[in-house]
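Because only heavy atoms are used, hydrogens play no part in the values below, and waters and symmetry mates are left out as well, while side chains stay in. In the text below, chain A, chain B and the rest are named by the order of the sequence lines, each starting its count at 1.
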Amino acid sequence: MDHTRKIDGRFNLVGGDFTNAGEASTQLKKILQLRGVKDSYIRRASIATFEAEMNVIIYTPAGILRYDVDDESIKITVEDMGPGIEDIDLAMQEGYSTAPEWVREMGWGAGMGLPNMKKNSDVFRIDSAPGEGTTVKMIIYLNKGEQS
Amino acid sequence: MKLQKIIDTLEAVTLDSTTNTGLEVGWACATDLMSEVLYYAHENSLLLTGLVKPQVIRTAEIADIRVVVFTRGKEPDTETISLAKRKGITLLVTPLSLFTASGRLFSAGLQCCPYT
Ligand SMILES: Nc1ncnc2c1ncn2[C@@H]1O[C@H](COP(=O)(O)OP(=O)(O)OP(=O)(O)O)[C@@H](O)[C@H]1O
Ligand SMILES: [Mg+2]
């Protein structure tokens, strides 16, 4: 497997599309597996991406997921055209959720998504303002020596 | 714990005749909240849940969970079953409640995913 080649790409996310919810993260997972990235990094990247993808599907009309992978890191940016987040510190708290009942019936709304993205990435940044959408940037560093 | 022992302990049925009953399961996680699964579950663990939705299979795939047990005899729909089959995830159905199923597995020696 050629680890020196840089790969990047994007997926369009459609809000409310629960049938395909998780497809982008699943495809990214396959791309990382084909590249031969070590399982533990793939797992962290997949979990963080999936949580970000679900938030776009639940809370916004549309978004874009971009990935950038090279020898050193996996970079993921998820940008949406949603309502934005008023109080980011509050949203980051474990257990804080505004998910409505129908979303909770599907198993979401634990208020653990953003904390989970932070837990699984080495660098986590969230930019958001009411009316201006939300952008989440995550970086997972790949330890070259450990890569299988 | 071997999958066969889990099936026996939970009086469960498998939804696929090709199930590998020799599969070794490391830990268990019991919840209906998908982010809790993603936050706490380890790879190679078992998920016990009362939520019967394709979301559960997607979450299991992302978290590298190989076995999902639906409690209180809740049968998943064909969409959920075929998604699980495509993803290579084993589905079990137990007549027991989430509480009783968890208690039985715990007594039999299966532990909660350790927090990392
Ligand atoms: N992209 C987004 N656009 C608008 N609001 C968001 C977005 N992402 C998160 N939020 C807000 O932040 C809250 C917390 O998000 P988080 O992902 O941590 O939990 P959750 O989605 O409510 O539940 P879980 O992710 O555990 O299923 C959400 O309930 C929502 O109010
Ligand atoms: Mg969320």
Side-chain angles (χ1 to χ4, degrees), chain A residues 16-30 32-33 37-55 57-59 65 76 91-97 99 101-121, chain B residues 24-27 29-72 74 76-89 91 98 112-116:
Chain A
D17 180 9
F18 280 91
T19 315
N20 293 306
E23 256 316 304
S25 306
T26 305
Q27 283 190 41
L28 178 60
K29 183 175 182 179
K30 283 203 190 98
L32 295 173
Q33 281 168 340
V37 174
K38 202 183 160 200
D39 283 348
S40 55
Y41 296 122
I42 295 181
R43 191 163 187 276
R44 285 169 58 204
S46 304
I47 289 173
T49 308
F50 186 42
E51 290 281 15
E53 180 180 2
M54 286 315 304
N55 280 357
I57 285 159
I58 293 168
Y59 302 109
L65 190 162
I76 296 150
M92 286 301 300
Q93 280 179 23
E94 287 185 15
Y96 176 81
S97 176
E101 191 51 38
W102 66 271
V103 168
R104 291 175 195 266
E105 276 167 17
M106 284 195 281
W108 302 101
M112 295 293 281
L114 290 168
N116 212 0
M117 291 175 222
K118 191 171 177 191
K119 177 188 176 206
N120 283 291
S121 45
Chain B
E24 191 66 41
V25 171
W27 297 278
C29 178
T31 182
D32 292 346
L33 298 168
M34 295 303 102
S35 282
E36 239 180 56
V37 177
L38 294 163
Y39 199 88
Y40 293 106
H42 290 229
E43 64 270 32
N44 188 33
S45 51
L46 171 96
L47 172 61
L48 289 143
T49 186
L51 188 75
V52 186
K53 293 265 158 70
Q55 295 296 316
V56 177
I57 311 303
R58 300 254 181 214
T59 303
E61 188 193 22
I62 292 289
D64 295 324
I65 289 172
R66 316 256 31 103
V67 186
V68 176
V69 183
F70 295 118
T71 54
R72 286 201 198 275
K74 280 177 227 164
D77 55 21
T78 49
E79 188 195 346
T80 305
I81 294 173
S82 67
L83 185 65
K85 205 165 182 161
R86 281 207 302 283
K87 310 285 186 190
I89 293 165
L91 301 183
L98 184 59
C112 185
C113 294
Y115 179 70
T116 48

Q: Taking all non-hydrogen atoms of both residues into account, name the closest pair between A/Lys29 and B/Ile62 and its distance.
A: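 Shortest heavy-atom separation between A/Lys29 and B/Ile62 comes out as NZ-O, 3.8 Å.
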
Q: Please identify, among B/Val56, B/Leu33, B/Val52, the residue contributing the most non-hydrogen atom pairs under 4.5 Å to chain A.
A: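 The answer is B/Leu33.
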
Q: Could you please spell out the steps behind the side-chain contact (heavy atoms from CB on, under 4.5 Å) verdict for B/Tyr40 and A/Met112?
A: CA-CA 10 Å; B/Tyr40 293 106; A/Met112 295 293 281; 4.0 Å; yes

Q: Is there a donor-acceptor pair under 3.5 Å between the side chain of A/Arg43 and the backbone N or O of B/Asp64?
A: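 No: the side chain of A/Arg43 does not pair with the backbone of B/Asp64.
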
Q: If every non-hydrogen atom of A/Gly113 is compared with every non-hydrogen atom of B/Ser35, which pair is closest and at what distance?
A: N-OG, 3.9 Å

Q: B/Gln55 and A/Met54: side-chain contact (heavy atoms from CB on, under 4.5 Å), yes or no, with the steps?
A: CA-CA 10 Å; B/Gln55 295 296 316; A/Met54 286 315 304; 3.8 Å; yes

Q: Please indicate whether A/Lys119 has more than 12 foreign heavy atoms, meaning atoms of other residues, nucleotides or ligands, lying under 6.0 Å from its NZ.
A: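 Counting neighbours around NZ of A/Lys119, more than 12 heavy atoms of other residues, nucleotides or ligands fall under 6.0 Å, so yes.
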
Q: Please determine whether a side-chain nitrogen of the Lys or Arg among B/Arg58 and A/Glu23 lies less than 4.0 Å from a carboxylate oxygen of the Asp or Glu.
A: yes

Q: To the nearest 0.5 Å, tell me how far B/Met34 CE sits from A/Phe50 CZ.
A: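 Reported value, rounded in 0.5 Å steps: 9.0 Å.
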
Q: Can you name the residues of residues 43-51 of chain B that have some heavy atom under 4.5 Å away from a heavy atom in chain A?
A: B/Glu43, B/Leu51

Q: Under 4.5 Å heavy-atom distance to chain A, tell me which part of B/Thr59 shows up: side chain, backbone, both or neither.
A: both

Q: Any Lys/Arg nitrogen of A/Arg104 or B/Asp32 sitting under 4.0 Å from an Asp/Glu carboxylate oxygen of the other?
A: no

